[in-house]
Amino acid sequence: MTNNYNDFRRYIRSHNLVNRIYDMLYYFKVFKNNRSEKQVKAFFNQRLEDITYVETLAKYFESKLRTNKKNHEVRCNLNDLISDLNYLKQYLCD
């Protein structure tokens, strides 16, 4: 494994990205089926290696940021999450 890949994984863990993504998508009621939380998080963990998926998530959260103007806590969490996803893309471009 390359050092960049280890840094990438370390970044995901240290920023708690999988849990934060899950929590925001749960908040927005994205989950329609009865998959377990563990299965969904494993899916996210795997898909975060795909730059297209990361970009799609960031765009989705940006659209939610525009529509959630009144809830300041959600806006703050979305801003932080979008920034972290955009930073994650840098690991994937290297």
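Not measured: the values here are computed from a predicted model.
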Kindly compute the distance separating CD (E55) from CD1 (I51), expressed to the nearest 0.5 Å. 5.0 Å
Check whether Q39 reaches the backbone of S36 with its side chain - one donor and one acceptor, N or O, closer than 3.5 Å. yes
Donor-acceptor pairs under 3.5 Å, side chain of residues 21-30 to any protein atom, not counting sequence neighbours: which ones?
{"from": "Y27", "atom 1": "OH", "to": "N71", "atom 2": "ND2", "distance (Å)": "3.4"}

Would you please classify the geometry between the Y91 ring and the F8 ring as parallel, tilted or perpendicular, with 30° and 60° separating the classes? perpendicular
L48 versus V18, closest heavy-atom pair with distance: CD1-CG2, 4.0 Å
Check whether the side chains of R13 and N45 place a donor and an acceptor atom closer than 3.5 Å, and report yes or no. no
Closest non-hydrogen atoms of N86 and A58, given as atom of the first, atom of the second and distance, are OD1-CB, 4.0 Å
CG/L88 to CD/E49 distance, rounded to the nearest 0.5 angstrom? 10.0 Å
Does E62 CD have over 12 foreign heavy atoms under 6.0 Å away? yes
Calculate, to the nearest 0.5 Å, the distance between atoms CZ and CD1 belonging to F44 and I12 respectively. 12.5 Å
List the steps, then state whether side chain to side chain contact (heavy atoms under 4.5 Å, CB included) holds for L57 with L81. CA-CA 10 Å; L57 275 175; L81 185 54; over 6 Å; no
Is the closest side-chain heavy-atom distance between N6 and R9 below 4.5 Å? no
Working to the nearest 0.5 Å, report the span between CD of Q90 and OH of Y11. 8.5 Å
Using a strict 4.0 Å threshold on nitrogen-to-oxygen distance, state whether D80 and R20 make a salt bridge. no
Taking C-beta and beyond as the side chain, do R75 and L78 meet within less than 4.5 Å on heavy atoms? no
State the OG1-CZ distance between T52 and R47, to the nearest 0.5 angstrom. 8.5 Å
Quick one: CD on E37 to CG on N19, what's the gap to the nearest 0.5 Å? 7.0 Å
